[in-house]
Amino acid sequence: MKILKYPDKRLNIIAKPIKNINNKIKALIFKMINTMYSHQGIGLSATQINKHIRIFVMDISKTYNQPLIIINPKYSYVSTKYKKVKEGCLSIPNYFEFIYRSINCIINAIDLNGNKFIINAYGLIAQCIQHEIDHLNGKLLTDNLTKKHK
Ligand SMILES: [Zn+2]
């Protein structure tokens, strides 16, 4: 699938929650996983493939073969402790920036079968989750920079 690239305005659309995980949505999710792997990314949001629904996929496993599917994520906790991290984005190729991310966040979400689950995330997982939820909210990592820096 084609990934939208900065400064495409469609990257700023706020995604809507999913009501029904039908076969069309499932097929889309598998395409997202393939797209993420074919671009060697660790996360991909539906927003980036121009589908404005609240889904993202990620894989931060060492073996890079354990995709996580996150549907309708919601923060239940975001730490106010921040860490400076280096971050890139498939929508901004060959660009990396140092930004601040919360060191810990907890999200509620549902899986492919509609079952609720919770992730208590630290480190790279927490960073990745924040990055992808930002996408669903129409935000890019460049939005965390000052105007001058941009
Ligand atoms: Zn991104």
Side-chain angles (χ1 to χ4, degrees), residues 1-79 82-83 85-97 99-144:
M1 300 184 99
K2 215 177 150 236
I3 297 178
L4 297 180
K5 302 278 160 42
Y6 176 83
D8 194 311
K9 286 274 173 253
R10 291 171 291 181
L11 287 166
N12 303 119
I13 297 171
I14 298 171
K16 292 197 167 78
I18 292 171
K19 285 175 192 147
N20 177 20
I21 306 163
N22 56 28
N23 286 337
K24 216 175 130 193
I25 297 283
K26 285 181 185 171
L28 176 76
I29 290 170
F30 288 115
K31 277 189 196 163
M32 284 173 65
I33 291 170
N34 287 334
T35 304
M36 174 179 71
Y37 284 139
S38 66
H39 290 83
Q40 284 96 44
I42 59 166
L44 182 74
S45 65
T47 302
Q48 290 172 281
I49 49 148
N50 200 28
K51 302 285 179 194
H52 303 285
I53 46 179
R54 301 190 83 81
I55 305 175
F56 67 86
V57 295
M58 62 182 208
D59 190 341
I60 46 107
S61 66
K62 282 204 178 82
T63 47
Y64 198 47
N65 61 359
Q66 291 170 54
L68 269 169
I69 297 159
I70 319 276
I71 302 169
N72 294 346
K74 250 188 186 162
Y75 289 117
S76 61
Y77 172 76
V78 182
S79 171
Y82 299 91
K83 195 183 167 193
V85 288
K86 196 181 179 186
E87 202 165 288
C89 178
L90 293 177
S91 292
I92 317 173
N94 306 314
Y95 169 85
F96 293 92
E97 189 55 73
I99 60 162
Y100 285 92
R101 291 288 187 195
S102 294
I103 59 162
N104 171 222
C105 64
I106 301 174
I107 58 162
N108 298 299
I110 54 171
D111 66 15
L112 213 49
N113 301 311
N115 297 315
K116 289 179 187 174
F117 66 96
I118 293 170
I119 301 179
N120 184 2
Y122 291 88
L124 183 60
I125 309 178
Q127 182 188 347
C128 188
I129 287 172
Q130 290 166 67
H131 181 105
E132 301 309 331
I133 291 180
D134 277 358
H135 272 306
L136 300 181
N137 291 331
K139 266 184 76 182
L140 288 167
L141 74 101
T142 48
D143 293 325
N144 294 314

Check: S61 main-chain N/O paired with D59 side-chain donor or acceptor under 3.5 Å: yes
R10 (side chain) donor-acceptor with N50 (main chain) under 3.5 angstrom: no
Just by distance, do the side chain of N113 and the backbone of N115 share a donor-acceptor pair under 3.5 Å? no
Min side-chain heavy-atom separation I18-I55 under 4.5 Å: yes
Taking salt bridge (charged side-chain N to carboxylate O under 4.0 Å, His left out) as the test, write out the residues that go with R101, two or more places apart. E87, D134
Just by distance, with hydrogens left out, do N104 and N120 show a side-chain donor and acceptor under 3.5 Å apart? yes
With heavy-atom distances below 4.5 Å as the criterion, would you say the side chains of I107 and I118 are in contact? no
To check you understand the geometry: which heavy-atom pair defines the closest contact between H131 and G88, and what is its length? CE1-O, 3.3 Å
Whether Q130 side chain and S102 backbone form a donor-acceptor pair below 3.5 Å: yes
So, do N108 and S76 sit near enough that their side-chain heavy atoms are less than 4.5 Å apart? yes
Hey, are the side chains of L11 and Q48 touching, using non-hydrogen atoms and a 4.5 Å cut-off? yes
Counting distance only, does the side-chain N/O of E132 pair as donor-acceptor with the main-chain N or O of I129 below 3.5 Å? no
Ring-ring centroid check Y64 Y37, cutoff 6.0 Å: yes
Hey, are the side chains of D111 and F117 touching, using non-hydrogen atoms and a 4.5 Å cut-off? yes
I'd like to check I53 versus T47 (side-chain heavy atoms, cut-off strictly below 4.5 Å). Are they in contact? no
Is there a side-chain contact between I42 and L124, using heavy atoms and a 4.5 Å cut-off? yes
